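Everything quoted here is computed from the prediction, not taken from an experiment.
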Amino acid sequence: MPTAYEPHQILDKQELSLFQLSQAEQQVGALPVKERRRLLQKARNLRDRARTKYVKQVAHTRMLTGSKRGYGGAANERSRAKAALLTQAVQSLQQL
């Protein structure tokens, strides 16, 4: 199981395009303020959805295995990594 995922491995097309755009400061800086706000809100929604999914997966794993942490499993790790990438996108968009 890889410990680090590339963005194209865990993000879908829509999420990947948003992530890549957030990393290109010049492109985002050229967008109108209204469009930047829309992209930021979209990134926040995707980040929150990924975080919620991760929390639910951890709780489910905890219930099934009886472990106190419940962090095991490749699906949990992918969801955690996806939430981290989307958090990075939100932070990049907020700085502009």
Side-chain angles (χ1 to χ4, degrees):
M1 178 174 79
T3 55
Y5 292 96
E6 293 294 320
H8 69 275
Q9 291 176 316
I10 56 176
L11 300 175
D12 65 24
K13 279 184 172 182
Q14 179 185 18
E15 294 164 342
L16 183 60
S17 66
L18 181 64
F19 177 77
Q20 289 172 339
L21 182 62
S22 74
Q23 302 306 305
E25 292 180 18
Q26 291 179 343
Q27 286 181 334
V28 174
L31 294 173
V33 175
K34 191 173 184 177
E35 181 67 15
R36 279 187 268 166
R37 284 188 192 140
R38 187 188 69 77
L39 288 173
L40 180 59
Q41 186 60 42
K42 187 175 186 178
R44 284 178 179 155
N45 288 341
L46 290 170
R47 177 202 59 192
D48 293 345
R49 190 178 76 198
R51 283 181 177 174
T52 301
K53 182 176 183 177
Y54 174 67
V55 168
K56 287 180 179 181
Q57 282 178 331
V58 167
H60 185 69
T61 303
R62 192 178 300 142
M63 182 188 71
L64 288 178
T65 63
S67 117
K68 289 185 179 181
R69 291 184 299 161
Y71 298 122
N76 293 2
E77 179 59 27
R78 282 191 306 273
S79 294
R80 186 203 58 75
K82 187 175 195 174
L85 285 172
L86 293 170
T87 298
Q88 183 181 347
V90 168
Q91 290 171 345
S92 295
L93 290 169
Q94 283 176 336
Q95 290 176 357
L96 300 175

If you measure from [atom1] on [X] to [atom2] on [Y], what distance do you get to the nearest 0.5 Å?
| X | Y | atom1 | atom2 | value |
| --- | --- | --- | --- | --- |
| Leu16 | Gln9 | CG | CD | 11.0 Å |
| Gln41 | Asn45 | CD | CG | 4.5 Å |
| Asp48 | Thr87 | CG | OG1 | 8.5 Å |
| Leu11 | Glu6 | CG | CD | 10.5 Å |
| Ile10 | Arg78 | CD1 | CZ | 9.0 Å |

Would you give me the side-chain donor-acceptor pairs under 3.5 Å for residues 88-96, sequence neighbours excluded?
unit_1: Ser92; atom_1: OG; unit_2: Gln23; atom_2: NE2; d: 3.4
unit_1: Ser92; atom_1: OG; unit_2: Gln88; atom_2: O; d: 3.0

Self-check item: All salt bridge (charged side-chain N to carboxylate O under 4.0 Å, His left out) counterparts of Arg49, not counting sequence neighbours
Solution: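 Testing Arg49 for salt bridge (charged side-chain N to carboxylate O under 4.0 Å, His left out), a comparison that skips the adjacent residues, returns Glu15.
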[X] to [Y] - nearest heavy-atom pair and separation:
| X | Y | answer |
| --- | --- | --- |
| Asn76 | Gln57 | OD1-CB, 3.2 Å |
| Pro7 | Leu85 | CA-CD1, 3.8 Å |
| Leu39 | Leu18 | CD2-CD1, 3.6 Å |

Would you tabulate the side-chain donor-acceptor contacts of residues 26-36 under 3.5 Å, counting partners in other chains and residues two or more places apart, or write 'none'?
unit_1: Glu35; atom_1: OE1; unit_2: Arg38; atom_2: NE; d: 3.3
unit_1: Glu35; atom_1: OE2; unit_2: Arg38; atom_2: NE; d: 3.4
unit_1: Glu35; atom_1: OE2; unit_2: Arg38; atom_2: NH2; d: 2.6
unit_1: Arg36; atom_1: NE; unit_2: Leu31; atom_2: O; d: 3.2
unit_1: Arg36; atom_1: NH2; unit_2: Leu31; atom_2: O; d: 3.3

Practice problem: Walk me through it: do Val58 and Arg80 pass the test side-chain contact (heavy atoms from CB on, under 4.5 Å)? | Solution: CA-CA 10 Å; Val58 167; Arg80 186 203 58 75; over 6 Å; no
Practice problem: Output, in order, the C-alpha distance, side-chain angles, deciding distance and verdict of side-chain contact (heavy atoms from CB on, under 4.5 Å) for Glu77 and Tyr5. | Solution: CA-CA 9 Å; Glu77 179 59 27; Tyr5 292 96; 3.9 Å; yes
